[in-house]
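For reference, the structure discussed in these notes is given below.
Heavy atoms only: backbone and side chains are in, while hydrogens, waters and symmetry mates are out. We count ligands from 1, going down the list as the structure has it; atoms in each ligand are counted the same way. Along the sequence shown, the residues carry numbers beginning at 1.
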Amino acid sequence: MPNRDLDATWKYHNGTKHSYLSLRVHPHFLDWENKPLLFKIYPTLEVTRLPKDFRQTGVAALSAIASPGVARQGEILPTLEDVAQLLFFSAGVTKSRKFPGGETFFRAAACTGALYEVELYLVCKDLPDLPAGVYHFGAAEFGLRQLRAGDYRQIVIEATAGESAIAHAPLIVVCTGTYWRNAWKYRSRAYRHFGWDNGTLLANMLAVSASLGLPSKLVMGFVDQRINALLDVGTHKEVAFSMVAVGHTSDAPPPAPVVGPLSLPLVPYSKEEVDYPAMRQMHESSSFTFAEEAAAWREGTLVTPPASEKGKLNALQPLPDPELPPDTIEQVIQRRGSSRRFAREPISFVQLSTLLDRATRGIPADFLDPFGSQLNDLYLIVHCVDGLVSGAYFFHREKKQLELLKEGDFRKQAGYLGLEQELPADASVDVFFLADLPKIIATFGNRGYRATQLEAGVLGGKLYLAAYAQKLGASGLTFYDDDVVNFFSPHAKGKSAIFLVALGRGATK
Ligand SMILES: Cc1cc2nc3c(=O)[nH]c(=O)nc-3n(C[C@H](O)[C@H](O)[C@H](O)COP(=O)(O)O)c2cc1C
């Protein structure tokens, strides 16, 4: 079973680290003439437009992101309008910007390089106004293209070895990653971005789903080939990465129709595509061949003993519920956009506390059982937070306390760690995600690496939303891997750098 050959994770992770030297020894220049198309388009399939006149849920964004999810019981079928709302606020085009020679379409969730390599597919039973089938979400047209007619959920249930939320889901959203669409800019590191970019999208989807009163659960344990064959994606180019069970039904699905190849034509992404085999190797090494592997996957629980405390502790002081900003999840998603510059102005400790508290209350996922368990640890560099001494901190998630690791002004170091960019130096606070990879992959196998990247993306996406809900700014960032770990050591010794989000007050350029 390749998932247990743990060298694969280290080969990929170490081989895609950024360092001061690697960026200079292996510089990469973008071939703008060959930039991939930002959308997957099946030119021979008719598109059914989705409705856009959504009802407002009225749920405050800070409540939505902190929701433990809706109880799974009875018949909870998403309507076509619900489906449209879920898709729009997670992967829909929310803004466009013209530039000389073209136009860029920005989506609901942040994405590395605005390349949007994550595609969404639906597998559903008959829903109000949507016949059973397998569909691709066309973000460009905001519509659905039917790939298969009929109820294929049984295939997904078998692929997940009968995972309970999937087994009772009237709708399953499958998220894929398309290598070239992100590798054009980021080369082999793009496989990490599958987790990050899929994660920010899922932060939105889980929050909107809870606000619509729909149960949802993130599932990563499935037999890869069965799902890829159902979607008929060419696995050399595109692979299923995660899925979300939405809604609840007690009816068992009928036996699925036979899954044959579709061989549908696609609009090419670029004139030519460059293959980066390291990503495919990482994916194959973390793939499941047997349903038993999917069943064993969700038995895995990462046991993390509480971290010892040596430094001064600061208990979070989050806003109480009645004082939360009322801005709804829809309003916040629509105004979100990565900060392109920070103002070097303070945020308050209450704002920072609210961000951390709301973003870390748990994610309903098959690899995070019991609810509230975690793969990533949060480390902070605080530059400018009223009521909190500047310095490096470790976040004790269960106790909701920030432990001071070292005091000081680390703006210069933060700018360096965030790939020598201004954003992490100018932010009020930088949140780094570090993970104990040896322990995680010993528990989950190589697939634990996928889950670690994805969890960080979801948490990062929640931080984005929590920042914009408080009229603050945020940006995901990339980083110099080993320098980040060294900066937070000895506390972070043995961990790996996974993700980074800068938070602060946005400034106009
Ligand atoms: C995981 C992640 C990493 C990112 N890294 C950087 C970065 O290193 N530098 C940067 O300027 N922006 C970075 N961004 C911001 C993206 O460029 C931005 O999300 C994208 O252009 C889409 O724009 P929007 O977020 O305003 O919708 C990152 C975003 C994400 C989600």
Side-chain angles (χ1 to χ4, degrees), residues 16-19 22-23 28 30 35-36 38-39 88-97 99 102-118 139 175 177 181-187 189-205 241 332-342 359 376 414-427 430-433 452-468 472-481 483-484 497-504 506-509:
T16 55
K17 280 180 178 174
H18 278 332
S19 70
S22 75
L23 253 57
H28 180 51
L30 297 179
K35 184 182 174 187
L38 299 179
F39 303 98
F88 180 77
F89 288 104
S90 51
V93 174
T94 48
K95 282 184 213 123
S96 70
R97 203 171 299 141
F99 59 92
E103 188 168 8
T104 293
F105 298 94
F106 291 91
R107 309 268 198 107
C111 178
T112 48
L115 290 164
Y116 307 110
E117 75 280 6
V118 175
C175 312
R181 295 256 300 273
N182 196 270
W184 167 73
K185 181 167 182 186
Y186 299 102
R187 295 179 284 178
R189 200 164 155 105
Y191 193 74
R192 299 188 187 203
H193 297 195
F194 280 9
W196 303 355
D197 297 332
N198 192 176
T200 55
L201 182 158
L202 288 170
N204 290 17
M205 191 183 287
F241 197 80
V332 169
I333 289 177
Q334 278 192 290
R335 75 165 175 250
R336 189 212 60 78
S338 300
S339 302
R340 298 295 83 199
R341 201 173 148 215
F342 286 115
N376 283 276
Y416 170 79
L417 295 176
L419 228 68
E420 302 171 67
Q421 300 182 78
E422 286 175 5
L423 283 164
D426 292 342
D430 296 305
V431 183
F432 292 81
F433 295 68
T452 306
Q453 301 291 0
L454 189 76
E455 189 211 35
V458 177
L459 290 170
K462 288 187 182 211
L463 284 176
Y464 257 105
L465 296 175
Y468 282 85
L472 301 173
S475 182
L477 290 168
T478 197
F479 45 84
Y480 286 142
D481 288 77
D483 294 323
V484 170
I498 302 294
F499 193 78
L500 165 58
V501 182
L503 304 161
T508 42
K509 273 248 181 219

Protein residue, atom and distance nearest to [atom], heavy-atom basis:
atom: atom 23 (O) of ligand 1; answer: F106 CD2, 3.4 Å
atom: atom 21 (O) of ligand 1; answer: A114 CB, 3.5 Å
atom: atom 17 (O) of ligand 1; answer: G113 N, 4.0 Å
atom: atom 2 (C) of ligand 1; answer: T112 CG2, 3.4 Å
atom: atom 14 (N) of ligand 1; answer: G476 O, 3.2 Å
atom: atom 20 (C) of ligand 1; answer: C111 O, 3.2 Å

Going by the atom numbers of ligand 1, which of them fall below 4.0 Å from some non-hydrogen atom of [X]?
X: G337; answer: 26 (O)
X: W196; answer: 1 (C)
X: Q421; answer: 7 (C), 8 (O), 9 (N), 10 (C), 11 (O)
X: A110; answer: 19 (O), 25 (O), 31 (C)
X: F499; answer: 1 (C)
X: T478; answer: 5 (N), 8 (O)
X: L423; answer: 11 (O)

Closest approach of [X] and [Y], non-hydrogen atoms and distance?
X: S90; Y: M205; value: OG-CE, 3.5 Å
X: V501; Y: A474; value: CG1-CB, 4.4 Å
X: A497; Y: R192; value: O-NH1, 4.1 Å
X: D430; Y: P424; value: OD2-O, 2.7 Å

Residue part near ligand 1, for [X], under 4.0 Å between non-hydrogen atoms:
X: S475; result: side chain
X: R336; result: side chain
X: R340; result: side chain

So, the side chain of R336 versus the backbone of Y468: is there a donor-acceptor pair under 3.5 Å, distance only?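 Side chain of R336 to backbone of Y468, a donor-acceptor pair under 3.5 Å: no, none is there.
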
Mark yes or no for whether R107, through its side chain, and A91, through its backbone, hold a donor-acceptor pair below 3.5 Å.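 Present.
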
State plainly whether the residues R181 and D197 are in salt-bridge range, i.e. N to O under 4.0 Å.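 Result for this pair is no, no salt bridge flagged.
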
Give me the one residue out of F433, Y464, F432 that meets ring-ring contact (aromatic ring centres under 6.0 Å, His included) with F499.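 In the set F433, Y464, F432, the residue that makes a ring-ring contact (aromatic ring centres under 6.0 Å, His included) with F499 is F433.
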
May I ask you to check if ligand 1 and S338 share an N or O to N or O distance below 3.5 Å?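 Looking only at distances, the answer is yes, because the N/O contact criterion of under 3.5 Å is met.
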
Give the ring-plane orientation class for F479 versus W196, where under 30° counts as parallel, over 60° as perpendicular and anything between as tilted.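 Tilted.
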
Ignoring hydrogens and geometry beyond distance, is a side-chain donor-acceptor pair present between S22 and Y480 at under 3.5 Å?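 No, because no side-chain N or O of S22 sits under 3.5 Å from a partner of the opposite role on Y480.
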
Under a 3.5 Å threshold, yes or no: a donor from one side chain and an acceptor from the other, between R187 and T16?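 There is no such pair (donor and acceptor under 3.5 Å, judged by atom type) between the side chains of R187 and T16.
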
So for [X], does at least one of its heavy atoms come nearer than 4.0 angstrom to any atom of ligand 1?
X: Y116; result: yes
X: F479; result: no
X: L419; result: no

Checking side-chain hydrogen bond (donor to acceptor under 3.5 Å, both in side chains) against T478, which of H193, R189, Q421 comes through?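 Per the side-chain hydrogen bond (donor to acceptor under 3.5 Å, both in side chains) rule, the option paired with T478 is R189, out of H193, R189, Q421.
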
